[in-house]
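Presented below is the structure to which this report refers.
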Amino acid sequence: MRAAWAADLIVNITDSGGHPVREAVVYAEPIGRPVPPETHVPHATIDQVHKRFVPAVTIIRSGTEVRFPNSDNFRHSIYSFSPPKVFTVKLYSGRQAPPVVFDEPGLVVLGCNIHDQMVAWVVIVDTPYLAKSSADGAAVIKDLEPGDYKLSAWYPAATFAPVVSQVHVAGEPVTARVQIDVSGSPLPLVHP
Amino acid sequence: MIRISRLRTRVILFFVAMLILVEVSSFALINASNSRTATVKIEGELEVGQRVFGRLVHQNAQVLSQSARVLASDFAFREAVATGDTATIVSALVNHGQRIGAKAMLYVSLDGKVVADSLGGGPIPREFEYPGLLERATITGAAASIEILGRQGFQLVAIPMRAPLHIGWVVLGFPVDSAFAADLRQLTSLDVSFFAQSSQSWYSLASTLDEAGQRQLQRQLPLLAIPYATHIIDIHGSEQQARLISLTTTGGRRVVAVLHRSLATALAPYEQVRKTLIGLAILSILVSIVGSIWIASTITQPLSTLAQSAAQMEAGDYTGEVDLHRADEIGSLAYSLNHMREGIAEREKRILTLAYQDQLTGLANRAKFSELLSAAIAAACPGAETIAIVVMDLDRFKYVNDTLGHAVGDHVLRQVGQRLSNVVPSTGCVARLGGDEFAVLLTGATAAKVVDYAKGIVAALESPVLYEGQPLDVGTSVGIARFPQHGRDARTLVRNADVAMYVAKRNKSGLAIYNAYYDTTQQEHLSLLGELRRAVEQNELLLMYQPKVSLHSSNVSAVEALIRWRHPDKGLIHPAHFIPFAEHTGYIKVLTHWVLKEVIRQCGEWLTGGLKLQVSANISARDLMNRDLPDQIAALLAEHCVPAGLVCLEITESGFMEDPVHAQKVLDRLSGMGLRLAIDDYGVGYSSLSYIMKLPVQELKIDRSFIAGIVANPDLSTIVRSTIELGHNLGMKVVAEGVEDSNGWDLLGALGCDDAQGYFMSPPLEPAALVAWMRQHDGVDRRDTAWLSSPPAMGGRGA
């Protein structure tokens, strides 16, 4: 069910050169109000295709159960030494890997112990208002209750230090503009 | 010997010196070439060593980085690192390091801090000293370099660590130690040393050298200023070729590797060759010394033999034959020398024959005679008087030779030689001394025996020599000298025998034995010449005049000027004592001139005083040879205004016979001038009448030897008579000399002689005495001056 006054927040993300940045994550945290409670256990999937994590960047609400199907015809062995969720999934193929629940907010960097070049970033936030930018650099956070929000935006970098701004939502779709420095990012920026 | 040994030494020296030169130069060449080869070889080795070194370091780095990569991707290690479990990290590092042999294992966090260090070389965390290495590793995925940790050298490899993102670096260090150096040396056979420099001072990291060697090399590091170039250094006194490789330069620290190799080690393989060469050189020099001594000996030994033989020949010994039968040049030289020796011997024999033999007579010559005489004297026993020589010449040989020719003369000489040889005993030796002079050497004969032989010789030559049936009368005078009383050497003996011979000739005694008195005479003769000169200059000479008295009228018809010498010490000297000497020495020319000058002056003086007296002067055979004589006389006559007819020249027969043709010419000239000419001492010579007939002579003076015995000896009176008749028949006035008594005077008058001269009438007188005597004898005033203008001799009394 959706509230009739709820509105979307469109965040346009560009780099310092004004180019749209995709695969950037944004999330909004209500200021002075609690986040809405969890209605169901959310799910996410990070596939492994051609020795790559797909998607490379994922943003989830804490408590989300993430599945790691293996679409390659060889095995992968994924791991995380990131404090929010330290885990390993030993060699597996197909859908043998059990889902992993990320219940702590923060950044988790996933790697494959077999294929060092495979990296995936999982951003875990304590808010349901989250989105990832598409190829045009726009990320749409849906159904925001009217009110003020702390807007955070992040693109894979050595550390988890999102660009923070504040937006006000009043029943109407709101557009926000965020500029992120992507230089030195381990994930090369792909321009359309 | 010295010369020959020098030749040998020269040969040996030449060969040996040449060989040494060749050996030394080839040795030097080979040595230089070896040295160059070794240098080039080492250069190559250094080049290879440098490359191998680089490769090895690279390989080490590869291994290390592999190892580091393995470690970095080890899940447990990643987990330990990611979870910041330091103890686990360190233990993992140590464990891994042991597994791969790396000494240093470090983990450096992303902020450049050393988080874990297997060496425990400092506080944790601390700044990693070589951030550059990390940067390169981040960019290229792995980086390696040789660096210093603590004071040790390490080859470090840094690998970035991902989990999965870059979280730090694993740094592994492989120690650059002696094992590493030894490993390099095994691969490259080069000595390897590593040095580090911190704050300008070098220290050794690792080396294949011992401590001392490292220190030496360290001191010489500044010499190796240019990296990768070859330098020469000295380690333990041996030359090394070295290269410096700069490994790293970080923050004032420098690490270098020095690769070097000993030149001597490189030359070691050539050393054996060198020793062999030296051995060969010494051997070949020894062989060449022995060989050249041998060759030199084969030349010099026979040369010495030849030289000895030549020296033998030089000494006059031609008997030694050179005994060298060889096929080479020496052999032919020896053969030639032998031939030469024979040739010389033969020629010398011939020369001796020529030198010692008179070719005409086949007798010994003067040289041979002198030698034999000397030899006899040398061999004579002291006290023995058994050597004597007899010297002779032929009295009339010159006449025979001049008138009948040399062929006849030679025949006469041969005959005389033959006769002498027949007379002389076989122990004697007959020699022809030259010309018509012969000598006989008699040994082992007593004095009496010698005289007998001499008489035999005289007798043998008495009988005429026949030439084509014609008898030729030669005759001889013999002089004898005996050893030792007449001379102690050959020269003196011959000279004294000569003296004796002249005495015999003068005395017409046939033979004379030398007497010391003769020698005194000789000595007198020598001083006589000087005195005679003085006599002429100081007017010691004077003329005495002996009148010629006419047998028909008893009047003085003329006077003969006779020379006398009033010697200041010896008193009056008779001309017989100095005229022959003057004739012999040629001084007669001066005397004659003096006499003629005095005679003509005296004649002129008398003429001025009214006394017109014909004066005779004696001139010798030698004066007839003087071409100037007629002119000189003409000048004197003119000077003293004396008519030529007042001067008569008396010449002995021998005077004509010396050179009849020339004498005739001079006499013709004198006669043409109007001078009167007379033949003196007629009868003792051997004048040919046919010759005398041709002479322009007006007067014939019969020798005193005929007159002295004329009264007692009827034969002599017959001769004198016929001579007078002959003279008259030839239209001459005939004068007798030496009239001593009245018997002679009377007999001569009876025989028809024109004039007489002698002590019976008057001895020779000085001019004043003569004038006095004349005044007393027949009165000067009574002089028939007309007699002079028409002389009785020209009257042709007996014609």
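This structure is a prediction, so every number in the text was calculated from the model and none was measured. Every chain is numbered from 1, with letters handed out A, B, ... down the list of sequences.
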Quiz prompt | Within 6.0 Å of CD in A:Glu172, more than 12 heavy atoms from elsewhere | solution = no

Quiz item: A:Tyr79 vs B:Phe75 aromatic rings, parallel, tilted or perpendicular, using cut-offs 30° and 60°?
Solution: perpendicular

Self-check item: Distance, nearest 0.5 Å, that separates CG of A:Leu187 from CG of B:Leu165
Solution: 10.0 Å

Practice problem: Let me know if A:Thr88 has heavy atoms under 4.5 Å from chain B in its side chain, its backbone, both or neither. | Solution: side chain

Quiz item: Going through the checks in order, is the side chain to side chain contact (heavy atoms under 4.5 Å, CB included) test met by A:Val119 and B:Arg162?
Solution: CA-CA 10 Å; A:Val119 183; B:Arg162 294 169 194 281; over 6 Å; no

Quiz item: Near A:Arg52 CZ, under 6.0 Å, is it more than 12 heavy atoms from other residues, nucleotides or ligands?
Solution: no

Quiz item: Which pair of non-hydrogen atoms, one from A:Asp116 and one from B:Ser73, has the smallest distance, and what is that distance?
Solution: OD2-CB, 3.9 Å

Quiz item: Should we say atom NE2 of A:His43 is surrounded by more than 12 heavy atoms from elsewhere, each under 6.0 Å from it?
Solution: yes

Exercise. Count the heavy atoms of every other residue, nucleotide or ligand shown that sit under 6.0 Å from NZ of B:Lys113, and state whether that count exceeds 12.
Key: yes

Quiz item: So does A:Lys150 have more than 12 non-hydrogen atoms from other groups sitting under 6.0 Å from NZ?
Solution: no

